[in-house]
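Structure first, commentary second.
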Amino acid sequence: MSSTAKLIIEGKEYELPIVIGSEGEKAIDISQLRSSTGFITLDSGYMNTGATRSAITYLDGENGILRYRGIPIEQLAQHSTFVETSYLLIYGELPTRQQLDHFSQLLTTHSLIHEDMKHFFDGYPQSAHPMAILQSMVNTLSAYYPESINPFENVEVTAARLISKLRTLAAFSYKKSIGRPLMYPLNNLSYCANFLRMMYAMPTEEYQIDEDVVRALNMLLILHADHEQNCSTSTVRLVGSSLPNLFATISAGVAALSGPLHGGANEAVIDMLQHIQETGISCQDFVQEVKDKKANARLMGFGHRVYKNYDPRATILREMTATILSKKGIYDPLLDIAKELESVALEDDFFIERNLYPNVDFYSGILYKAMGIPTNMFTVMFAIGRLPGWVAHWKEMMESNDRKIGRPRQIYTGPNLRDYVPIGKRK
Ligand code: ACO
């Protein structure tokens, strides 16, 4: 293949370099386009725009492939832990025993939040969404760690602080919302076991760790840990490019994740399934409803900007959900509704023509529900999972020789030059 592409504008020919990724992904390098031609590219929603080169995650949406640092998501979900996968994403290789011990020790050392920060939880109304609390609490951490204000210093410790404390903040927000005493993390428990204990234990009772739930939680967090240049990760890169501290940068990622078209979809899926259950509408009729554009509704948990095939994470989650429900002896009618909805949609021409398949959020909510996690905490769980991905992308950007402040261009479509009109003379 030629190493350049030809572009003809107004009769003049320009050669643009072609860039090929390690898995054969192809791009036309337009970084000199404006300076050499005066033109920019226009690409709403960045559907065709590569914002960076990245060595973290490979995603092939046509063939349903997802790999972290080259390792298939299926293998990581089966064999790894969330802490090990976080190390892999951030540092590029699976850790040796010594490296893993050091990383785990850092997470243990930094798991507490400053005692003064506990008072902030009192200021929120009980109805506050935990994502709103989480976003501001993450940003607030920067006030307590002035040594992390410079984003080039103490990166290892700041990253560990965030990963460890996000879990503590999430569990505290939940405990606060139900008016129960906050539980501190214990140093002898694993990351996921600690989270479950902080969520559900009471100081007056022994808390039994359920290893099946710990395993399921590890798997859920691994599946959410990175997804290359998605909306929240791109937000982290864009905000981070102006060099604020890492806490402020990640707080912006939490905000981007909270929307229903992104991380908030897992909550919306449960609302949708409950609506179907409560109203008794058939799955066939519901699918007809979402196809009607006027209704402005979507089949939540379906469709993806990149996957035009079954999301491999949804396949793993579908199986894990059924396993956990049967191990715990739970019957959840929402799982039956979800499965029926899936089969109706997958046979419908509207969904077939548009390549709309279940995404990661279609089954994750049912699994969270089986683990006792309340619906308004689902997106918070997603944030805990996605954090190592955000940190990995931020670190990759900060270490790149090609780092520039993110600043897109636009095509102006407003009025041409005109004079100011005093208020009395305006029509
Ligand atoms: N239900 C019904 N129709 C859909 C759905 C859906 N879930 N998703 C896409 N479509 C239709 C659109 O109406 C559009 O139809 P048209 O071509 O006739 O206009 C077509 O499919 C393409 O849709 P777009 O919105 O242009 O696709 P895009 O790539 O921009 O959006 C998105 C992807 C936002 C994920 C979309 O599929 C969606 O809204 N899904 C539901 C929300 C959801 O599950 N989000 C979670 C995504 S995964 C994640 O963030 C972790």
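Whatever order the structure lists ligands and atoms in, that order sets their numbers, starting from 1. Positions are given from 1 along the sequence. Just so we're clear, the structure is a prediction, and the values are computed from it rather than from any experiment.
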Which protein residues come within less than 4.0 angstrom of ligand 1, counting heavy atoms only? Leu261, His262, Ala265, Lys293, Arg298, Leu299, Met300, Gly301, Phe302, Gly303, His304, Arg305, Phe350, Arg354, Leu356, Asn359, Val360, Asp361, Phe382

Qualifying residues under salt bridge (Lys or Arg N to Asp or Glu O under 4.0 Å), relative to Asp332, sequence neighbours excluded: Lys369

Sort and list the pairs that fulfil side-chain hydrogen bond (donor to acceptor under 3.5 Å, both in side chains) and have at least one residue in residues 249-261, not counting sequence neighbours. none

Output all residues satisfying side-chain contact (heavy atoms from CB on, under 4.5 Å) with Ser31, sequence neighbours left out; order by chain, then residue number. Asp29

Indicate whether the side chain of Tyr174 and that of Asn376 have a donor and an acceptor atom separated by less than 3.5 Å. no

Aromatic ring pairing Phe103/Tyr87, orientation class (parallel under 30°, perpendicular over 60°, tilted between): perpendicular

With a 6.0 Å cut-off (strictly less than), is the heavy-atom count around CD1 of Ile28, excluding the residue itself, greater than 12? no

